[in-house]
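Report on the structure given below.
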Amino acid sequence: MFLDHQRLDLFDKMLFEKALIRPPMRRPLAMPNEACLLYIIKGVNEVISPTETELVNETQALMMKCDNYFFEMKSADKANTYQAIAVHFYPEVLKKVFENDFPAFLKAEQQEPAISAMIKLKVDRVLERYVGSILV
């Protein structure tokens with residue numbers, strides 16, 4: 001059950017999302033044309049794609065590319081809550097944001113497709129501060 005759900009949109013697309021949930025909760029998520037950075041604040045999330053499963057614990061982050069997912073959210077504390085923040089990346093939003101000075105690393109150079117639909121990120125001070133700045 002959602003206890004709180006907040007979102008911030010840009011160009012009619014969800015850019016940031018913060019959720020506080022009373023687990024357990026299982027939720028499908030289709031991301032046909034976006035990537036997503038998921039950061040777990042409290043609890044545990046088992047993220048299931050068509051080809052793999054990742055367990056994401058508190059203060060861990062996961063980057064997911066376009067695909068279909070199931071989220072299995074669980075608590076890890078006595079308060080029985082799960083909290084996470086997600087940052088969504090849409091190609092059309094990035095093009096609008098960077099229309100005058102598009103970064104070279106985002107230009108349409110064909111690279112080998114990623115083998116994995118998702119990858120755990122190393123959470124460092126930069127990522128922690130970024131998430132903290134979003135939560136303020």
Side-chain angles (χ1 to χ4, degrees):
M1 160 175 51
F2 278 95
L3 300 174
D4 187 38
H5 185 254
Q6 299 173 22
R7 63 185 274 168
L8 176 67
D9 292 2
L10 180 65
F11 305 120
D12 297 321
K13 300 279 188 187
M14 183 168 40
L15 184 62
F16 296 104
E17 175 181 23
K18 184 173 107 176
L20 179 62
I21 294 169
R22 171 105 37 225
M25 182 179 199
R26 185 177 175 117
R27 180 177 177 218
L29 179 63
M31 298 190 318
N33 193 31
E34 69 185 276
C36 179
L37 169 66
L38 175 68
Y39 182 88
I40 308 300
I41 299 166
K42 281 185 184 177
V44 177
N45 194 338
E46 184 175 6
V47 182
I48 305 161
S49 79
T51 58
E52 59 196 305
T53 300
E54 282 285 349
L55 189 64
V56 189
N57 294 304
E58 193 168 300
T59 69
Q60 290 186 328
L62 186 69
M63 189 73 187
M64 298 171 287
K65 69 177 190 172
C66 303
D67 214 332
N68 294 307
Y69 298 92
F70 272 99
F71 289 176
E72 186 78 39
M73 294 157 268
K74 305 167 187 171
S75 71
D77 63 6
K78 292 177 183 177
N80 194 30
T81 57
Y82 166 91
Q83 187 175 16
I85 189 163
V87 182
H88 299 268
F89 301 94
Y90 299 89
E92 60 271 22
V93 171
L94 292 172
K95 286 177 185 172
K96 285 181 184 179
V97 168
F98 293 112
E99 68 184 340
N100 295 325
D101 191 21
F102 207 71
F105 73 92
L106 292 177
K107 291 186 180 169
E109 293 178 18
Q110 292 299 322
Q111 299 176 355
E112 284 188 37
I115 295 170
S116 180
M118 51 191 162
I119 185 168
K120 276 190 184 176
L121 300 177
K122 180 182 179 193
V123 177
D124 57 11
R125 287 183 75 141
V126 173
L127 185 54
E128 287 174 346
R129 287 184 181 195
Y130 176 69
V131 170
S133 71
I134 294 169
L135 295 174
V136 172

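We count residues from 1, following the sequence as given. Reckoned from all heavy atoms, side chains included, excluding hydrogens, waters and symmetry mates.
Applying the side-chain hydrogen bond (donor to acceptor under 3.5 Å, both in side chains) rule to pairs touching residues 10-30 yields H5-E17, K13-E92, E17-H88, R26-E72, sequence neighbours excluded. Applying the salt bridge (charged side-chain N to carboxylate O under 4.0 Å, His left out) test to every pair with at least one member in residues 46-59, sequence neighbours left out, gives these pairs: E46-K74.
Residue L3 is found in a hydrophobic cluster whose other members, listed by chain and number, are M1, L20; membership requires side-chain heavy atoms under 4.5 Å apart, directly or through intermediates. Clustering of Ile, Leu, Val, Met, Phe, Trp and Tyr side chains at separations under 4.5 Å places M25 together with F2, I21, L29, M31, L38, I40, V47, V56, L62, M64, Y69, F71, M73, Y82, M118. By the 4.5 Å side-chain criterion applied to Ile, Leu, Val, Met, Phe, Trp and Tyr, V44 is assigned to a cluster that also includes L55.
Here S75 pairs with N80 under the side-chain hydrogen bond (donor to acceptor under 3.5 Å, both in side chains) rule; sequence neighbours left out.
The distance from atom CG of D4 to atom OG1 of T81, rounded to the nearest 0.5 Å, is 12.0 Å. Distance CZ/R129 to CG/D124: 10.5 Å, rounded to 0.5 Å. For the atom pair L94 CG and E34 CD, the distance stands at 11.0 Å (nearest 0.5 Å).
Put simply, the side chain of V123 reaches to within 4.5 Å of the side chain of Y39, judged on heavy atoms. Counting heavy atoms from C-beta outward, V87 and I134 have side chains that approach closer than 4.5 Å. The side-chain heavy atoms of L10 and Y90, taken from C-beta on, include no pair separated by under 4.5 Å.
The two residues Q60 and N57 make their nearest non-hydrogen contact at OE1-N, 2.8 Å. When all heavy atoms of A86 and C36 are compared, the closest pair comes out as CB-SG, 3.8 Å. Contact detail for P91 and N33: the closest heavy-atom pair is CD-O, 3.3 Å.
By the rule that hydrophobic residues join a cluster once side-chain heavy atoms approach within less than 4.5 Å of another member, M63 and I48 end up as members of separate clusters.
For NZ of K120, the number of neighbouring non-hydrogen atoms (other residues, nucleotides, ligands) closer than 6.0 Å is greater than 12.
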